[in-house]
Amino acid sequence: MDFRKIEAMTNSFADELIGKLYTSLAASDVTSGGVQLLGMNEETRDAVTVCLERRKLVAVAGDEQRLLASDELLQATYAVARHLNQFRAADLASELAISLPNANNRLKRLLEAGALCRQPDPERERGGKQFTYQLPFGASTTRGDVLTGPLWSRFPGSGL
């Protein structure tokens, strides 16, 4: 989402725009190849961060390739995911020296934020669901799926 034309934003506007979008993403009501928030100034970043914190959500600030409204553990997880680029949950757990369930919990939050995408792992070694995770925009890009035009045409039925 490109914020370069928005100079000021109230917290209620951010909640209506960003909050509903990310809630829809987290509930899988809306699917996306990934979402980055671009062009935020300090005021719009603060409004978006307040909105995300109230809803216990995180988002990717695409200009900086960092997470907004996240704790240090999730920031570290995202940094390792960016470094690995394409990986399985076990790879992430190994890199971070954490348990596989803990890695899966962190990956779930990053998926809900649109910071990562996943696909079924074609080289599945055991039964059950296994996925390959990757950055939606590639490891070196700084600009991804920028939402332009009327949001309601991009997200039918999402209330946006």
Side-chain angles (χ1 to χ4, degrees), residues 1-3 14 17-40 45 48-49 51-149 151-160:
M1 190 169 297
D2 198 332
F3 287 91
L17 180 66
I18 305 300
K20 286 186 179 180
L21 169 63
Y22 276 92
T23 299
S24 295
L25 284 170
S28 298
D29 292 338
V30 171
T31 58
S32 172
V35 177
Q36 291 187 5
L37 307 178
L38 301 169
M40 291 184 285
R45 182 180 293 107
V48 168
T49 300
C51 163
L52 294 168
E53 286 172 345
R54 286 179 181 168
R55 291 177 177 255
K56 296 183 177 28
L57 298 169
V58 296
V60 177
D63 298 337
E64 305 159 24
Q65 288 302 308
R66 71 177 184 92
L67 298 178
L68 298 175
S70 71
D71 57 36
E72 289 180 29
L73 293 176
L74 202 58
Q75 287 283 359
T77 304
Y78 184 63
V80 170
R82 285 181 41 85
H83 172 73
L84 293 173
N85 192 30
Q86 187 171 359
F87 58 93
R88 290 183 280 188
D91 301 328
L92 182 72
S94 176
E95 283 287 319
L96 292 169
I98 60 175
S99 68
L100 188 57
N102 191 344
N104 280 316
N105 287 337
R106 293 183 192 189
L107 288 169
K108 179 181 177 189
R109 291 191 62 206
L110 292 172
L111 283 168
E112 289 172 348
L116 295 176
C117 57
R118 72 178 183 187
Q119 58 191 8
D121 187 356
E123 299 175 14
R124 181 178 9 199
E125 297 173 4
R126 298 178 254 150
K129 295 180 182 179
Q130 291 186 20
F131 299 97
T132 300
Y133 297 85
Q134 63 187 28
L135 298 172
F137 315 111
S140 62
T141 60
T142 58
R143 188 168 177 88
D145 184 16
V146 178
L147 303 178
T148 57
L151 283 175
W152 56 87
S153 66
R154 232 1 241 280
F155 302 102
S158 69
L160 294 174

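All heavy atoms count here, side chains included; hydrogens, waters and symmetry mates do not.
Under 3.5 Å, the side chains of Arg88 and Gln130 contain no donor-acceptor pair of N or O atoms.
Residues Leu116 and Phe131 are not in side-chain contact: their nearest non-hydrogen atoms beyond the backbone lie 4.5 Å or more apart. With a 4.5 Å cut-off on side-chain heavy atoms, Arg45 and Thr49 count as touching. Looking at Leu74 and Val58, their side chains come closer than 4.5 Å, going by heavy atoms from C-beta outward. Here the side chains of Leu17 and Val48 are not in contact, with every heavy-atom distance at 4.5 Å or above. Under the 4.5 Å side-chain criterion, counting only non-hydrogen atoms from C-beta, Met40 is in contact with Leu68. Two residues are said to be in side-chain contact when any heavy atoms from C-beta on lie closer than 4.5 Å; Tyr78 and Leu73 fail this criterion. Between Leu37 and Val60, the closest side-chain pair of non-hydrogen atoms is not below 4.5 Å. Between Leu92 and Tyr133 there is no side-chain heavy-atom pair separated by less than 4.5 Å.
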### Test log, rule side chain to side chain contact (heavy atoms under 4.5 Å, CB included), inputs Ile98 and Thr77
CA-CA 11 Å; Ile98 60 175; Thr77 304; 5.6 Å; no
### Task
Under the side chain to side chain contact (heavy atoms under 4.5 Å, CB included) rule, what do Gln86 and Gln119 come out as? Steps first, then yes or no, please.
CA-CA 11 Å; Gln86 187 171 359; Gln119 58 191 8; 4.0 Å; yes
### Query
After noting the C-alpha distance and the side-chain angles of Arg106 and Leu96, does the key distance pass the side chain to side chain contact (heavy atoms under 4.5 Å, CB included) rule?
CA-CA 11 Å; Arg106 293 183 192 189; Leu96 292 169; 3.7 Å; yes
### Query
Could you go step by step and tell me if Glu95 and Asp91 meet the side chain to side chain contact (heavy atoms under 4.5 Å, CB included) rule?
CA-CA 6 Å; Glu95 283 287 319; Asp91 301 328; 5.7 Å; no
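Atom CD of Glu72 sits in a sparse spot, with 12 or fewer heavy atoms from other residues, nucleotides or ligands closer than 6.0 Å.
Sorted by first then second residue, the ring-ring contact (aromatic ring centres under 6.0 Å, His included) pairs that include residues 91-115, not counting sequence neighbours, number zero.
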